[in-house]
A.B. asks: 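Below are the structure tokens for one structure; questions will follow.
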Amino acid sequence: MRIAIIGSGGREHSICQKIYESKKVEKIYCIPGNGGSSQIAENIKINIKNFDEISNFLKNNKIDLTIVGPEEPLVDGIVDYLNDKQIKVFGPDKFCSQLEGSKIFTKKICEIENIPTAKFKILNNIEDSKKYLKNQLYPLVVKADGLAAGKGVYICENFSDAEKAVDEIFEGKFGTAKDLLVEEFLSGEEMSFFILYDNYSFKVFNTAQDHKRVFEGDIGKNTGGMGAYCPSRLRDSELEEKIINKIIKPTLGYLKKQRGTYIGFLYAGLMIKDNEPYLIEYNVRMGDPECQTILPILENDFVDVLNNCMEGKLAKIKLNWKNKKSVCVVLASKGYPDKFEKGIIIENLQDIKISNDQYIFHAGTEIRDNNFYSSGGRVLNIVSLDENFKSARKKSIDLIKKINWKNGHFRKDIGYKVIDN
Ligand code: AMP
Ligand code: GLY
């Protein structure tokens with residue numbers, strides 16, 4: 001098969017690697033890919049917003065299956081666009097992608113289907129928002145409605161925090177904002193819960209926990225993710241049943257009633273409190289860096305899994321997982337998520353030896369004259385599998401120390417909630 005992957009992060013490199021390991025694959029393209037994907041696939045420089053150019057490429061190169069990694073093209077309707085041109089693509093349609101593209105869309109489903117979530121109020125201008133927020137109890141959460149690359153969420157301790165959030169959202173910090181959402185602050189422990197869905201039946205696609213803050217101890221600014229571990233320590237069959245019955249099934253049922261078509265991953269961001277799940281948000285794709293921890297422990301041929309999904313035959317296969325713990329530590333550019341330098345050589349990356357239960361997934365890297373250079377905030381994802389989280393993390397950190405990159409920053413405490421020091 002000839003397969004294309006759209007995206008350029010660590011998630012897409014890990015998808016590329018898993019596909020590369022399948023015997024069913026003849027050729028892989030990454031659009032646009034990164035330095036890592038260029039080692040196992042052919043990178044194609046097309047802007048992922050340019051659906052026309054992507055579709056021409058896929059047609060001209062007789063691609064059998066295209067996988068969309070990031071949310072933006074999904075929310076913008078790439079699946080509908082390509083399907084109209086008879087191109088096979090793995091990902092939800094534009095209607096279903098509103099689950100991630102509009103927090104209000106999701107909240108309305110929660111209301112209709114009685115899905116447990118934080119209480120909320122929708123406001124659509126500065127004046128009403130501030131008037132409402134003045135009389136509330138804190139902490140509470142203020143969110144921009146649309147896609148904001150994980151950054152449009154403010155946890156507000158008092159009215160002055162909330163005022164700042166309202167100003168920034170309506171001043172257009174996250175793109176033109178028509179609405180904002182005020183939410184009850186949920187306390188508890190977070191869990192990323194994944195399913196794979198073929199529009200008829202679904203399978204749980206493991207759980208993980210990411211670490212969004214830039215510094216150890218979960219302090220500092222929010223990032224795209226500084227590391228993750230899989231599985232979540234909260235996973236057990238009783239909780240899983242509640243998540244499926246109270247959250248996943250009613251959501252999929254609603255989408256079906258509305259005639260949406262959903263073939264792809266669905267990622268539920270949950271808060272678990274007293275062993276009860278609450279939905280914080282949906283993402284219509286795999287998580288990054290969660291994907292980098294989950295795919296390496298999948299035992300199935302991933303292309304087989306995807307093909308079954310495309311044919312509506314997911315129910316026929318059984319997913320098998322290695323009985324291992326998986327830890328991903330992100331090596332980022334110093335200064336990220338604020339100002340950082342790009343274009344810095346990572347000198348000895350080619351020479352690093354890794355064992356067969358370790359992976360270096362690239363994110364912001366590019367290759368020039370046979371050398372790897374940094375090209376983004378999050379640069380490398382160092383993933384190790386082992387019998388327990390502690391030894392898996394140690395293996396990842398030992399490996400990072402061998403990478404001779406002076407411009408790097410990483411968190412040594414990934415998984416601290418599941419690792420006793
Ligand atoms: P989101 O982009 O909606 O996932 O929000 C980013 C992060 O903000 C989440 O991972 C949570 O840590 C936090 N968060 C969002 N909504 C709430 C809430 N209602 N209560 C507590 N924390 C929240
Ligand atoms: N790990 C968070 C995300 O992918 O949105």
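Please read all numbers here as calculations on a predicted model, not as lab measurements. Each ligand, and each atom within it, is numbered from 1 in the order the structure gives.
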A.B. asks: Measuring from atom 23 (C) of ligand 1, which candidate in I155, T106, V153 has the nearest non-hydrogen atom?
C.D. replies: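 Checking each option, the heavy atom nearest atom 23 (C) of ligand 1 is found in I155.
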A.B. asks: Keeping to residues at least two apart or across chains, list the salt bridge (Lys or Arg N to Asp or Glu O under 4.0 Å) pairs with something in residues 169-188.
C.D. replies: K107-E183, K143-E183, E168-K173
A.B. asks: With ring-ring contact (aromatic ring centres under 6.0 Å, His included) as the test, pick out the partner of F265 among F193, F205, F194.
C.D. replies: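 One option only clears the test, and that one is F205.
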A.B. asks: Taking side-chain contact (heavy atoms from CB on, under 4.5 Å) as the criterion, tell me which of C16, P32, S37 meets it with N43.
C.D. replies: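 The residue from C16, P32, S37 that satisfies side-chain contact (heavy atoms from CB on, under 4.5 Å) with N43 turns out to be S37.
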A.B. asks: Pull out every atom of ligand 1 sitting under 4.0 Å from any heavy atom of K143, numbered as shown with elements.
C.D. replies: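 With K143 as reference, the close atoms of ligand 1 come out as 3 (O), 15 (C), 16 (N).
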A.B. asks: May I ask you to check if K27 and Y29 form a cation-pi contact, with NZ or CZ under 6.0 angstrom from the six-membered ring centre and within 45° of the axis?
C.D. replies: yes
A.B. asks: Between Y267 and Y282, does the side chain to side chain contact (heavy atoms under 4.5 Å, CB included) criterion hold? Intermediate values first, please.
C.D. replies: CA-CA 6 Å; Y267 160 175; Y282 273 129; over 6 Å; no
A.B. asks: I want to know if ligand 1 touches K103 in the polar sense, i.e. an N/O pair below 3.5 angstrom.
C.D. replies: no
A.B. asks: Considering the heavy atoms of I280, write down every atom of ligand 1 situated less than 4.0 Å from one of them.
C.D. replies: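 Reading through ligand 1 atom by atom, the close ones are 3 (O), 15 (C), 16 (N).
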A.B. asks: Distance to the ring centre below 6.0 angstrom and angle to the axis at most 45 degrees; does that hold for K121 and Y132?
C.D. replies: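 K121 over Y132 ring: yes.
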A.B. asks: Can you tell me if Q292 and D288 form a side-chain donor-acceptor pair at under 3.5 Å?
C.D. replies: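 Yes, D288 and Q292 have a side-chain donor paired with an acceptor closer than 3.5 Å.
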A.B. asks: With heavy-atom distances below 4.5 Å as the criterion, would you say the side chains of V327 and I414 are in contact?
C.D. replies: yes
A.B. asks: If the cut-off is 4.0 Å to any non-hydrogen atom of E184, which atoms of ligand 1 fall inside it?
C.D. replies: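 So the answer, numbered in order with elements, is 18 (C), 19 (N), 20 (N).
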A.B. asks: What atoms in ligand 1 come closer than 4.0 Å to a heavy atom of E281?
C.D. replies: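 Under 4.0 Å from E281, ligand 1 has these atoms: 1 (P), 2 (O), 3 (O), 4 (O).
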A.B. asks: I'd like to know if the side chain of D386 and the backbone of N388 have a donor-acceptor N/O pair within less than 3.5 Å.
C.D. replies: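 The answer is no, because no donor-acceptor pair under 3.5 Å joins these two groups.
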A.B. asks: Does an N or O anywhere in L186 fall below 3.5 Å from an N or O of ligand 1?
C.D. replies: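 The answer is yes, given that L186 and ligand 1 share an N or O pair closer than 3.5 Å.
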A.B. asks: Within a distance under 4.0 Å of any heavy atom of F185, pick out the atoms of ligand 1 and give their elements.
C.D. replies: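 Atoms satisfying the 4.0 Å criterion: 20 (N), 21 (C).
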A.B. asks: Which atom pairs, nitrogen or oxygen on both sides, join ligand 2 and the protein at under 3.5 angstrom?
C.D. replies:
from: ligand 2; atom 1: 1 (N); to: D210; atom 2: OD2; distance (Å): 2.7
from: ligand 2; atom 1: 1 (N); to: D288; atom 2: O; distance (Å): 3.0
from: ligand 2; atom 1: 1 (N); to: E290; atom 2: OE1; distance (Å): 2.7
from: ligand 2; atom 1: 1 (N); to: E290; atom 2: OE2; distance (Å): 3.2
from: ligand 2; atom 1: 4 (O); to: R285; atom 2: NH1; distance (Å): 2.9
from: ligand 2; atom 1: 4 (O); to: D288; atom 2: N; distance (Å): 2.9
from: ligand 2; atom 1: 4 (O); to: D288; atom 2: O; distance (Å): 3.4
from: ligand 2; atom 1: 5 (O); to: R285; atom 2: NH2; distance (Å): 2.9

A.B. asks: Side chains of R11 and N381: do they bring a donor and an acceptor to under 3.5 Å?
C.D. replies: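 No, because no side-chain N or O of R11 sits under 3.5 Å from a partner of the opposite role on N381.
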